[in-house]
2 protein chains.
Amino acid sequence: MTDQDTSLFQMTLLHRAAAVEALLTDLLSDQPQDGEISRPPRLMAAMRHGVLNGGKRLRPFLVMESAALFGAGTPAALRVAAALECIHSYSLVHDDLPAMDNDDMRRGQPTVHRKFDEAAAILAGDSLLTYAFELIAAEATELDPGAKVALVTALARAAGIGGMTGGQALDLEAEKVKPDEAGIIRLQAMKTGALIRFACEAGAMIGNANPEDRERLAEYGSAIGLAFQLADDLLDVTADAAHMGKATGKDAAAGKATLVSLHGIDWTKRQLSGLVAQAEELLAPFGEKAALLKQAARFIAERQS
Amino acid sequence: MTDQDTSLFQMTLLHRAAAVEALLTDLLSDQPQDGEISRPPRLMAAMRHGVLNGGKRLRPFLVMESAALFGAGTPAALRVAAALECIHSYSLVHDDLPAMDNDDMRRGQPTVHRKFDEAAAILAGDSLLTYAFELIAAEATELDPGAKVALVTALARAAGIGGMTGGQALDLEAEKVKPDEAGIIRLQAMKTGALIRFACEAGAMIGNANPEDRERLAEYGSAIGLAFQLADDLLDVTADAAHMGKATGKDAAAGKATLVSLHGIDWTKRQLSGLVAQAEELLAPFGEKAALLKQAARFIAERQS
């Protein structure tokens, strides 16, 4: 990336992040909304702590830029993006729990169960997960019911048994029996890949893309999802904790098999270049309109935190 | 209730329970389904242990009987009923965790985190919650998209911040600051009432009922939801653990304020009779067709376990 590309991409990422954070701040206020009897202030504070934590908002960016590729207006894409960020955030809140990864810090802040308590973290995660579906079904008002049903279905599949939670379950089992290469790839495609793939496919769905383009965006999502995980595994080996805002070297310490531990750092870097090239090729038919999504692929592969 | 009424109601309850359990057994098999990469066997086993546990399936019964009141066919109602049971079951799995109620037994069986482990129980709960929305959006194929969106919205609201998880959060706070009577009623309307109200309203939605009838069913659901909680609080005082299949006397031991602790056993029994009369009055316009739903109200108020 040239410096100019970088700065346009970084600016847009910040701009999209600000929009999704403003919406979530509004939606997750203490004020009871349509049809609600009451909103417990401590639950809402725990939910906000889990979501409004300075994340990069990469998934929301992907939803919104993918939708923009098909000329879809901002409000519906923003709401689906916010719903996806609720799902991503809930998974981090539960993942950090003592019974799971037992992490005290995330992005330089105490995790939800450290700041509040375990019960609050469990309920805040459950509430964020539930709210994501309400957000798509009730708030994305410009979408027709058919599009909403397709999005709810795709999100539930990406987040559930055959996607994220299934991948997390495989990850727990991998601590006992080390998976082979195919097993690692499957685990990662489910655990982190499925939501990133959904982000890109959702944009195409919101934009009412034809089936071929929708599949193209989904494939782009798969490529950058794998790149995301490879970059993450690489960072776990090479970065220091201060830079990451969380503990590093945990995979190696846990004896966890990753593609990096299997094939080494140089192989991983070559793979990452290959995935960026693949992502760019998938986006080639969209020409200049897809410039930011191409830069996103590069950013994901080269990120330092 | 006459003995004959009782036996017709009990038979129908068992019949509906068998249908929803057969469907859930099928849906929660180890076999990957449409669009899924893989289903981790241990996660599926934990989910099945959490759901297929010999529950009475009262909420599914209410969905199906309410739908039948409006002539709605069984398949869609059965799927929405199964989705609701997934939500109810996930809430029990998470509620039993050490950080929440810390229960070792449920219905005479070890709880999910005792049978498996805490991480499996957290993930199984998350997966059941997520799957409920997939089930409505993807599997209830006879419903039009508009009905599905309305059901997803209503279920997410009943299960989330302004409903069940919000009520659970209020319940945790009630351990520190005792709520007054209005506070107890609000807490219970959210924690247990919202899902029971949803069950009855969902039946009307599936049956495409007019707004007045939909509201009538929702109100019936609110009345029996409150009766359910009063009967539960009464049982906590009067029943023994062997009968309930779980620990009893916990509310009193925890110094927890309930309407029973506030007003006594006799007042509670009079309230229960009043709620049954109210439920019957709400169903009066439907005549004989609503006989089983009237018996359900009586069953809920008089149940011994």
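Reminder, nothing fancy here: chain letters follow the sequence lines and each chain counts from 1.
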## Note on the structure
Among G162(B), A158(B), A132(B), the residue with the most heavy-atom pairs under 4.5 Å to chain A is G162(B)

### Task
Can you measure from NZ (K176(B)) to CZ (R42(A)) and round to the nearest 0.5 angstrom?
4.0 Å

### Summary
If one checks every heavy atom of Y131(B) against chain A at 4.5 Å, the contacting part turns out to be side chain

### Summary
Bottom line for M164(B): the part with an atom under 4.5 Å from chain A's heavy atoms is neither

#### Entry: Heavy-atom pair count under 4.5 Å with chain B, highest-scoring of A189(A), G166(A), A147(A), G160(A)
G166(A)

### Task
Measure across T130(A) and A156(B) and return the closest heavy-atom pair with its distance rounded to 0.1 Å.
CG2-O, 3.3 Å

### Task
Could you point out which residue of L170(B), T165(B), L187(B) forms a side-chain contact (heavy atoms from CB on, under 4.5 Å) with P40(A)?
L170(B)

### Task
Measure L172(A) against the heavy atoms of chain B and call it side chain, backbone, both or neither at under 4.5 Å.
side chain

### Task
Starting at CD of E36(A), measure out to CE of M190(B) and round the result to the nearest 0.5 Å.
8.0 Å

### Message
Go through it in stages, so that I can follow the logic: the residues are L123(A) and M100(B), the test is side-chain contact (heavy atoms from CB on, under 4.5 Å), and I'd like the CA-CA distance, side-chain angles, deciding distance and then a yes or no.
### Response
CA-CA 9 Å; L123(A) 283 180; M100(B) 306 275 288; 3.9 Å; yes

### Task
Check whether any side-chain heavy atom of Q168(A) lies under 4.5 Å from a side-chain heavy atom of L43(B), and answer yes or no.
no

### Query
Would you call the rings of F133(A) and F133(B) parallel, tilted or perpendicular if under 30° counts as parallel and over 60° as perpendicular?
parallel

### Summary
Taking every heavy atom of P145(B) against every heavy atom of G146(A), the minimum-distance pair comes out as CB-N, 3.7 Å

### Query
Does the side chain of V152(B) reach to within under 4.5 Å of the side chain of K148(A), using non-hydrogen atoms?
no

### Query
What pair of heavy atoms forms the shortest contact from A99(B) to I122(A), and how long is it?
CB-CD1, 4.1 Å

### Message
Please rank H113(B), E139(B), M44(B) by heavy-atom pairs under 4.5 Å with chain A and give me the top one.
### Response
M44(B)

### Query
Non-hydrogen atoms of chain B under 4.5 Å away: do they reach the side chain of L97(A), the backbone, both or neither?
side chain

### Query
In Å and rounded to the nearest 0.5 Å, what is the CG to OG1 distance from L135(A) to T153(B)?
10.5 Å

### Message
Is the shortest side-chain heavy-atom distance between E134(B) and R157(A) below 4.5 Å?
### Response
yes

### Query
Among S38(B), P32(B), P41(B), which residue forms the greatest number of heavy-atom pairs with chain A at distances under 4.5 Å?
S38(B)

